[in-house]
Structures are given as C-alpha cells and as structure tokens.
Amino acid sequence: MQDLNKLWKLFNEKFTDTGLAKGAFSAPGRVNLIGEHTDYNEGFVLPIAIGKKIIMLGQLRNDQLVQVFDLGYKAEVKFSLDNLFPSKKDTWANYLMGVMDEIQKAGHPLQGANLIFTSDIPQKAGLSSSAALEVVTALTMAKLNSLKIKPIEMAHLCRRAENNFVGVACGIMDQYVSCLGQKNYALFIDCRTNKYELVLFKDHNYQIVICNSKVQRGLIDSEYNRRKEECKIAAEFFKHNLKREIRALRDISIDEYKRYQSQLPEVIARRARHVISENYRVQAGVRALRMGNYSTFGQLMIESHQSLKEDYEVSCAELDLLVDLALKQEGVLGARMTGAGFGGCTVNLIEKNYINCFMKSIKNEYRKITGILPDIYITLPAEGAKQIMKKLLEVL
Ligand code: GLA
C-alpha cells in the first residue's frame with residue numbers, strides 16, 4: 001500500500017516545481033476472456049481491464065523537454081519533443097516517446113513535462129503492461145496540455161505508437177480496453193467498426209482467476225507477424241475464390257471455410273479455422289454471458305484453448321500444463337491461454353467456493369512439474385484509464 005501523497009513526495013524530491021499544470025493518472029492492464037488473434041483479422045474480442053495498473057504523475061515544463069523516472073526500475077531518461085526517434089538503449093522509453101510522437105502527428109501541440117510512474121502489472125506476461133504504459137502516457141500528456149482527445153482516438157493513437165515507433169504490429173484490443181474498460185463489465189469489441197458493447201460480468205458465484213506461467217518465449221514478435229501474414233494469405237485466397245468483397249477472415253463463414261479448406265495449404269487452413277471459429281465462439285460467449293450461462297462460457301474458453309494450441313500453434317508446454325491442471329480441479333468451468341501466447345498467462349473461470357483450493361493445488365502441481373512457482377491473481381473487471389482524484393490509493 002502506497003499513497004498518492006507518498007508518490008507526490010517522491011515526485012517533488014526528483015523535480016523542481018515548475019508552477020504549471022500537474023496531475024496523477026492511471027491505466028490498467030487487461031486480460032482477454034475470449035477472442036484471441038482475432039483483432040487484426042477485423043473480428044471480435046472480449047477483454048476486461050484488470051485491477052493491476054500503471055500510475056503516472058506529471059507536471060508541465062516551460063520547455064520542450066520530457067524527463068521521465070521509472071520508480072520500479074529506478075531508470076531515467078530525458079528527451080526533447082522536437083527530436084523524437086526510437087532509442088536502442090532505453091527501449092522502455094520508446095512507448096512514451098512513440099505516444100508523444102503520435103499525439104503531435106495528430107496535430108496536437110505538446111509542451112514538455114516531468115513524469116514519474118510505477119506499475120504492478122507483471123511485464124512480458126501477456127497482461128498488456130506496454131499498452132497500459134502507452135495509455136497512461138497519452139492521458140497524462142493530453143490532460144496536462146489541455147487537449148481534447150476522445151478515448152477511442154487515444155486507443156488508436158497508442159496502437160499507432162506501438163506499430164510505428166516501437167515496431168510491434170499489434171492489433172487494437174489492448175489499448176482499447178485499457179482506455180475504455182469499465183468496472184463489472186467485459187468489452188465486446190467489434191475490431192472492424194471499433195464499436196463496443198458492455199457485457200455484465202458480475203456474478204456472485206464465479207470469479208476470473210489469472211495464472212502466470214512465468215515463462216516467455218523469445219520468438220513472440222516474429223511468430224506474431226508470421227500468423228498475421230498467414231491470415232492475410234488465407235483472406236486473399238477466399239477473396240479470389242468467393243468473388244465478393246472480403247477484407248479479412250472476419251468475412252468468412254464456417255460453411256464457406258469447410259467448402260474450401262481442402263484447397264488451402266494445410267498450415268494456412270488451420271490458421272484460418274482458428275480465426276473463423278474463434279469469432280463464432282466470442283459471439284456465442286457473449287450470448288451465454290448475457291443469459292447468465294457461465295458453464296457454456298467456460299466450455300467455449302476450453303474450445304478456444306484447444307484451437308489456439310492445435311490450429312494456431314501459439315501455446316506452449318507450460319500454458320498447456322496450467323490449462324490441463326486447472327481443468328482437473330473442482331469448480332473450474334473454463335481455462336485457456338490469454339494474450340499473444342508463447343508464454344504468459346492463462347485465464348480461468350472458477351466457482352468462488354473453490355478458489356482457495358484451486359490456488360493451492362495449481363501452485364503445488366505446476367511447481368512439482370516445472371520447478372516454477374506460478375503467480376495467481378484474482379480479478380474483477382476494472383475501470384479503464386482515468387485521472388486519480390482521491391488522496392489515498394492502493395498501488396502495490
Ligand atoms: C497481443 C496484441 C493484441 C492481440 C493479442 C492476441 O496482445 O497486442 O492486439 O492481437 O496479442 O489476441
């Protein structure tokens with residue numbers, strides 16, 4: 001527990017007061033309940049913002065300099081808004097610089113600022129700590145500079161920062177839910193129209209539990225890009241054969257897929273089957289949640305994992321193990337890997353009464369087999385990015 005006063009004290013020790021606008025802001029990480037690798041295929045996703053977040057404190061400066069201090073890593077950078085280019089040394093600062101670059105490119109003038117931030121989102125765990133850093137930076141800079149940027153515009157701007165400045169070709173899901181997440185609701189996002197609907201996720205009997213495998217494969221970016229390419233090839237194939245307007249795999253029905261699957265190269269066919277079936281699962285999942293049918297939702301999560309493992313091949317031994325162990329526990333309705341894959345976390349839907357038992361046995365069993373003690377987090381859908389007004393808050 002750290003309070004805001006303490007953070008301001010650290011801020012004041014670090015920087016001289018400029019007398020200009022200042023404020024504290026936060027942006028959450030996310031966990032995706034279902035709809036994996038569908039966002040860049042213009043499909044559907046259903047993430048929630050989680051209780052873990054990044055908090056940033058900032059004050060405007062009289063010049064074009066930005067000075068940032070990362071409280072967690074005790075790392076510091078200084079750069080000018082007039083001369084933004086990706087750093088090879090301080091790669092973490094690229095998320096901040098990228099966002100500021102995109103804000104300026106969108107035609108909003110920026111003044112420099114002093115910033116500090118602290119995070120309790122585990123890194124490289126598939127819980128979108130990068131998106132949270134982008135979003136909290138965008139919100140801090142927008143508010144301090146009195147800019148009017150709508151949350152959806154902010155999400156797109158942050159995604160562009162990651163695509164163009166950091167060089168990761170991610171979709172829109174993470175930045176979107178970090179900006180627009182709502183307490184007690186999952187966000188059903190249509191990644192083509194960029195519209196969303198709120199889906200109530202508040203049941204006194206069930207809980208979302210995240211298990212962190214604590215492993216991360218190095219190939220994640222190249223494999224991610226390869227999957228995107230494979231999806232593009234599949235979409236092109238359908239466009240050519242179905243002779244109608246097809247922009248992405250989102251436009252293909254399961255029947256159409258079945259009719260043509262044998263003509264596709266085997267790997268491409270499996271990639272396409274994952275995306276097409278996953279889009280159906282998200283829509284079925286939303287219907288199930290709306291009817292309070294949590295066991296159907298859990299079943300869809302299990303099918304999603306199977307598809308990500310067999311067809312999309314983005315899981316790994318440790319994630320499969322966490323899912324297998326979870327499904328052997330009493331009270332578990334569903335379990336699947338979440339995020340890009342190749343390590344990171346699983347998301348589980350569990351009856352509340354069984355959670356303690358679940359945590360104990362997953363920790364024991366997973367450690368027995370892998371030698372790693374997994375982290376387990378219980379979470380409810382949390383609020384998206386916001387300005388922090390209250391005096392006291394829980395940080396770490
Ligand atoms: C990462 C990307 C998202 C999405 C997921 C997979 O988190 O940042 O845009 O593609 O992987 O669903």
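Numbering of ligands and ligand atoms starts at 1, following listing order. Treat the numbers as computed from the prediction; the structure is a model and nothing was measured. What you see below is based on every heavy atom in this structure, not just the backbone, and it leaves out hydrogens, waters and symmetry mates.
- Between Y196 and F44, the distance separating the two ring centers is not shorter than 6.0 angstrom.
- Under a 4.0 Å criterion applied to the non-hydrogen atoms of D39, ligand 1 contributes the atoms 3 (C), 4 (C), 9 (O), 10 (O).
- With a 4.0 Å cut-off on non-hydrogen atoms, R30 touches ligand 1 through its side chain and not its backbone.
- Here's the thing with Y40: none of its N/O atoms is less than 3.5 angstrom from an N/O atom of ligand 1.
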Q | Trace of the side chain to side chain contact (heavy atoms under 4.5 Å, CB included) decision for L380 with I208 | A | CA-CA 7 Å; L380 279 172; I208 296 294; over 6 Å; no
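- Looking at N32 next to ligand 1, no N or O pair under 3.5 Å apart turns up.
- For the side-chain contact (heavy atoms from CB on, under 4.5 Å) criterion with F358, the lone passing option out of N353, V209, L325 is V209.
- Side-chain contact of Q67 with R61: a donor-acceptor pair under 3.5 Å is present, judged by distance alone.
- Each of the following atoms of ligand 1 lies closer than 4.0 Å to a heavy atom of M173: 4 (C), 5 (C), 12 (O).
- Of the N or O atoms in G171, one or more lie within a sub-3.5 Å distance of an N or O in ligand 1.
- Protein heavy atom in closest approach to atom 10 (O) of ligand 1: Y224 OH, 2.5 Å.
- The shortest N or O to N or O distance between D174 and ligand 1 is under 3.5 Å.
- With F201 as reference, Y294 is the one residue of Y206, Y185, Y294 to meet the ring pair (Phe, Tyr, Trp, His ring centres under 6.0 Å) rule.
- Those atoms of ligand 1 with a heavy atom of A340 less than 4.0 angstrom away are 1 (C), 11 (O).
- Using cut-offs of 30° and 60° for the angle between ring planes, the H274 and H37 rings count as perpendicular.
- Defined by atom type and a distance below 3.5 Å, a donor-acceptor pair is missing between the side-chain atoms of S304 and R281.
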